[in-house]
Amino acid sequence: MNVVSLITNKRAAEQSCLALLKSCNSLSKFTQIHSYIIKLGLHSNPLVLTKFTSTSADLNAISYASSFVFSPESDTRLYDTFLFNTTIRAYAQRNDLKTKAVKFYNLMLECGVSPNKFTYPFVLKACASIGELNLGKSVHGSVIKLRFCDDVHVQNTLVHMYGSCKGGILFARKVFDKMPKCDSVSWSAMIGGYARLGLSTEAISLFRKMQISGVCPDDITMVSVLSACTDLGALEVGKWVESFIEKERVNKSVELCNALIDMFAKCGDIDKALKLLRNMIEKNIVSWTSVIDGLATHGRGLEAVALFEEMIRAGVAPDYVSFIGLLSACSHSGLVDKGREYFDLMKKEFNLVPKIEHYGCMVDMLCRAGLLKEALDFVQKMPIEPNPIVCRTLINACCTHGELKLGESITKRLIGNEPMHESNYVLLSNIYAKMLRWEKKTKIREVMDKMGMRKVPGSTMIELDNEIYEFVAGDQSHNQHKEIYEMLDEMGRKMKMAGYVPTTREVLLDIDEEDKEDALNRHSEKLAIAFALLKTPPGTPIRIVKNLRVCSDCHSATKFISKIYNREIVVRDRNRFHHFKDGFCSCGDFW
DNA sequence: TTAGGGTTAG
């Protein structure tokens, strides 16, 4: 065989390898082709493997392939932009290997290979999910240096990246404001950034600006807008968004329908969420889970369980999240036996290993049912370490059941593990208040002050005429505060006549009974309800959203108010919904 | 021969 035919054959072999790799989409096929490549002496040519990394759908195979491409034997002179781009993309798509995408980007620069306009969206996407602002900033620096900042794709990914990094939202807005031309992706990235951070009012007001700008929102924009409504509990705005979607004929993708379902479920209209699910032709696990979880938080546990069963019959396999919804349904509705049954079924039938969240649901369920001993036993036997959420559940249960000493010791241990978490100190200080150990309580507050910590103040939001009002305890900032406090006095008189007794044991302050009553009477929930009674016609349902759990005095007072004023009152607190009507609450005083 | 924004829980 002469040299020419050897070269021809090698080229031919290379060509046929490329052709084979083009259709290769699995690891097993790849390893087969790879052995040919090695036999033919082509393994040092990364370009052959580039073909594979760019076409393969199997991400494990890509890891395998790139380990050869970037082996020490490879001829680095043959590395090119496309090779790096495909490798970076492959890793940027893999949740567990995002940092590798950035590593390959750095290697690209080290090898002297120039990035192009396709490189940055991949790298920035990886930075976004890593969430480190400084990393993102340094990549942004390269974007500027290499003059790729005029590309709208790159700009949009920059907005997304900053919007996903802790402390980056102002930088996102800076990039966004400087963009000469925004498209629907730019607006969605910025609105989505606000929504993810819980800056929901900003998200909605930016959406209004988008409408003025004349750029048409699409289904993806609307998903973020809806998630902002969901966060605020703003049902009226949410309903308006729904009619906007209809009117503008926005593509009703599965994701958009899911966002609508979740909005209705979390803004208090669970029946509407259920109706939307029924009307969806193509539904996925998220659609089902949103409603199951919605039913759970509305205290309709049996219906949640029934819907879960229906989902399985429909051939949709439950996942980790749907089991959280299901178990929390059992927990919120006191279905202890059902909960235990499903917890076992999760492993046996569906091959899902329970995670800490599922153990958390079980502990919560046992504690709510008053089975504190069993809950403690359960935690001790858990194969994973209890997380702070599980510990706090136990501590709360200890407080409710008068096991203050035990509560104190768990809280002290928790503070040892999590010294910067302010809610642990609040717990301990509340335990001391219940023990009437005021001097210890004062000491805790001093420690908190020294560390610059503050208790999250309770606040209640209410939506009236498309405006959102927020109240904090003792709030006097509202321009109608005089009328509101007069209304509160009237409510108090009528409630007492009807048999209401203030639950002063809830007031964890060292003050006399009369002052305790006064403190209770100024809780943000009561202020918001008084405001609603003043501003809405008789018979109109009242919906409020509380940032913390509703306290038992407000719970009892709201029952009286619903009867005295003949109003349906829907309260969303941090954990669940309470529907008050005719002096009763849907939670059956069990929350 | 490659590109950008989104949904469920905790």
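Just so it is clear: chains get the letters A, B, ... in the order the sequence lines come, proteins before strands, and each one is counted from 1. FYI, side chains are in, hydrogens and waters are out, and symmetry mates aren't considered; it's all heavy atoms of this structure.
- With sequence neighbours left out, the salt bridge (charged side-chain N to carboxylate O under 4.0 Å, His left out) criterion links A/Asp319 to no other residue.
- Within the 4.0 angstrom heavy-atom criterion, base atoms lie near A/Thr221.
- In this entry the distance linking OH of A/Tyr120 with C1' of B/dG5 reads 21 Å, nearest Å.
- For A/Arg196, counting side-chain heavy atoms from C-beta on, the closest listed nucleotide (B/dG5, B/dG6, B/dT1) is B/dG6.
- Using a 4.0 Å heavy-atom distance criterion, A/Ser328 is classed as making no nucleic acid contact.
- The phosphate of B/dG10 (OP1 or OP2) has no side-chain N or O of A/His358 nearer than 4.0 angstrom.
- Within the 4.0 angstrom heavy-atom criterion, no nucleotide atom of any strand lies near A/Lys283.
- Contact between A/Asn547 and A/Ser459 at its shortest, heavy atoms only, is OD1-N, 2.8 Å.
- When heavy atoms are screened at a 4.0 angstrom cut-off, A/Asn387 is found touching no nucleic acid atom at all.
- No contact: A/Ile356 has no heavy atom under 4.0 Å from any strand.
- Residues passing the side chain to side chain contact (heavy atoms under 4.5 Å, CB included) test with A/Ala397, sequence neighbours excluded: A/Cys367, A/Leu372, A/His401.
- Across all strands, A/Asn85 comes closer than 4.0 Å to base atoms (heavy-atom distances).
- When each of B/dT7, B/dG5, B/dT8 is scored by its nearest atom to the side-chain atoms of A/Ser290, the top-ranked nucleotide is B/dT8.
- Proximity of A/Lys252 to the phosphate of B/dG6: no side-chain N or O atom is located under 4.0 Å from OP1 or OP2.
- Checking A/Tyr91 against A/Thr99 by side-chain atom types alone, no donor-acceptor pair falls below 3.5 Å.
- Residue-level contact check: A/Lys125 touches the backbone only, with heavy atoms under 4.0 Å from sugar-phosphate atoms and none from bases.
- For the pair A/Arg89 and B/dT1, the criterion of a side-chain N or O lying under 4.0 Å from OP1 or OP2 is not met.
- The side chain of A/Ile324 lies closest to B/dA9 when the candidates are B/dA9, B/dT8, B/dG5.
- When heavy atoms are screened at a 4.0 angstrom cut-off, A/Arg574 is found touching no nucleic acid atom at all.
- A/Asp319 places its CG atom 8 Å from the C1' atom of B/dT8, with the value rounded to the nearest Å.
- Geometric assessment of A/Lys272 against the ring of A/Phe264 yields a positive cation-pi assignment under the 6.0 Å and 45° thresholds.
- Per the geometry, CZ belonging to A/Phe104 stands 21 Å off P belonging to B/dT2, to the nearest Å.
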